[in-house]
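So that the names make sense, note that chain A is the first sequence line, chain B the second, and so on, each numbered from 1.
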Amino acid sequence: MPRLILHVDLDAFFAAIEQRDHPEWRGRPLVVGAQPGGRGVVATCSYEARRFGVHSAMPITQAARRLPPETVYVRPRVAHYAQVSAQIMAVLATISPRIERVSIDEAYLDVSGLTALFGPPRVIGEQVKGSIRQAVGLTASVGIGPNRLIAKLASDYHKPDGLTVVLEEQVADFLAPMPFNVLRGMGVKTAPRLARLGVKTVGDLRELSLETLRQHCGARAGTQFYYQARGIADDRLYPDRERLSISKERTFPEDVTDPKQLAETLHWAAREVAWTARQTGRLGRVVTLKVCFYPFETHTRSRSLRVPTADEQDLYQVAWSLLASEATWTGRPVRLIGLGLSGWSQPTTGQQLDLFETAETGRNPADNGLTETLDAIRHRFGAEAIQRGIGLHHQGN
DNA sequence: TCTGGGGTCCTAGGACCC
DNA sequence: TCTGGGGTCCTAGGACCC
């Protein structure tokens, strides 16, 4: 008995919310993202803007050249979109409790057992679209298939406001004529490699042997593509996946060489990351510094701490020492700098638990109380340890 | 022509341990 | 003295996704 997986994807989500909230912007090209002239990209744009060839991830300068003067440009209001998203997810959960939210505007539902209650797959799809429209006044595209891949491709098949059902016996015919780069994991690096072999459609790709695919795409990805081309993919949901890392980064309007400005930005990132970590009850052991130079040359440096932390001073000091220990970076203009925390572990000391208590009181993360708490840990484990990021799992490091 | 910000996953080498 | 192979951790980079 094949499963029935439903994928729901809100149409031009950010742009649709802005047009919903601002009737005067309806029917006009609208871009949510960077301001024209700045550094940045299109996050989402309205269908009116797409008619000019503009799409997500397009550099804003390029988009602005294509779009007419009446175009509306707005900065993303992510917190607001997240609220709308939560409303939608709540409504979806009333249709099937087996739900996996994959991003702010996408979710999978396992609707395998629902045909007895609602009727055939198409009726379930209509129910999903109808309840979203009723709850938040937005349209969504829905795809239903025997697994995640087919459901996702089906929701992409008709946009916007689409509904596509692909039954198991239709999978092969559905896939064969599609451009092969619709497969998951087929990006700007891998696709050209296969295109050189003469592959154009999923049907073409299906002619390649497992060995050939693994040779050109790597063992893992190659195997994935082999099965995807045959419509074989995961049909499970992963509802409660824990976030594995927290990070904050900033691209400067113009490249920066001033160390003071880099330090300030790292301070800001450390404060934000530490705050989020504490609010979600996490202590991390791995601090990662990310730096990007002209022209888009990106580097990361990370250090594993012996004592997990969620303290902004710790994060800042580790990141700064990682930056400072790279002699060849000194003086180079920096385009982007950021900081991440990962490698969660349970709090092991009373002082660490105090961090969360402080977070729960809602006090400003810059509050000195937190630093005092960390001082206690420093005292217990050694100041040098925390200041240097302690790190040093291996001798001689 | 220029490329955000937040993520996940994979690969690969070296260290270390058994 | 010389040798293997597996497993895990750490680190850096890269591809990809929304």
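B:dC2 and C:dC16 are spaced 24 Å apart, taking the P atom of each and rounding to whole Å. One P atom belongs to C:dC17, the other to B:dT1, and the distance between them is 26 Å to the nearest Å.
Within 4.0 Å of A:I104, counting heavy atoms only, lies no atom of the nucleic acid at all. Using a 4.0 Å heavy-atom distance criterion, A:K290 is classed as making no nucleic acid contact. Nucleic acid contact for A:V102: none, since no nucleic acid atom lies under 4.0 Å from a heavy atom of the residue. Heavy atoms of A:M186 sit under 4.0 angstrom from primed sugar atoms or phosphate atoms, though from no base atom. Looking at heavy-atom distances under 4.0 Å, A:T190 makes contact with sugar-phosphate atoms alone, never a base. Nucleic acid contact class of A:R241 (heavy atoms, under 4.0 Å, all strands): sugar-phosphate only.
Of the side-chain N and O atoms in A:R285, none sit less than 4.0 angstrom from OP1 or OP2 of C:dC9. Applying the 4.0 Å criterion to OP1 and OP2 of C:dA12, one finds that A:H299 has every side-chain N and O outside that range. A:R301 has a side-chain polar atom (N or O) that falls below the 4.0 Å cut-off from OP1 or OP2 of C:dG13. The phosphate of B:dT8 (OP1 or OP2) has a side-chain N or O of A:S245 nearer than 4.0 angstrom. Between B:dG5 and A:T251, a contact under 4.0 Å exists linking OP1 or OP2 to a side-chain N or O. The phosphate of C:dG14 (OP1 or OP2) has no side-chain N or O of A:K189 nearer than 4.0 angstrom. Remark: A:S304 is in phosphate contact with C:dT11, judged by side-chain N or O atoms under 4.0 Å from OP1 or OP2. Contact annotation: A:S302 side-chain N/O to C:dA12 OP1/OP2 distance is under 4.0 Å. Note on A:T300: a side-chain N or O is less than 4.0 Å away from OP1 or OP2 of C:dG13. Proximity of A:R66 to the phosphate of B:dT1: no side-chain N or O atom is located under 4.0 Å from OP1 or OP2.
In this structure, C:dC17 forms a base pair with B:dG6, meeting either the Watson-Crick or the G-U wobble geometry with both donor-acceptor distances under 3.5 Å.
Figure legend: cation-pi geometry between A:R66 and A:F52 absent, as NZ or CZ is not positioned both under 6.0 Å from the six-membered ring centre and within 45° of its axis.
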- Would you check, one step at a time, whether the test side chain to side chain donor-acceptor pair (under 3.5 Å) holds for A:R3 with A:S112? CA-CA 5 Å; A:R3 295 216 150 278; A:S112 303; 2.8 Å; yes
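When each of A:T44, A:D105, A:L30 is checked for a side chain to side chain contact (heavy atoms under 4.5 Å, CB included) with A:F14, only A:T44 meets the rule.
Side-chain atoms of A:S155 and A:D9 form no donor-acceptor pair, as typed in the model, at a separation below 3.5 Å.
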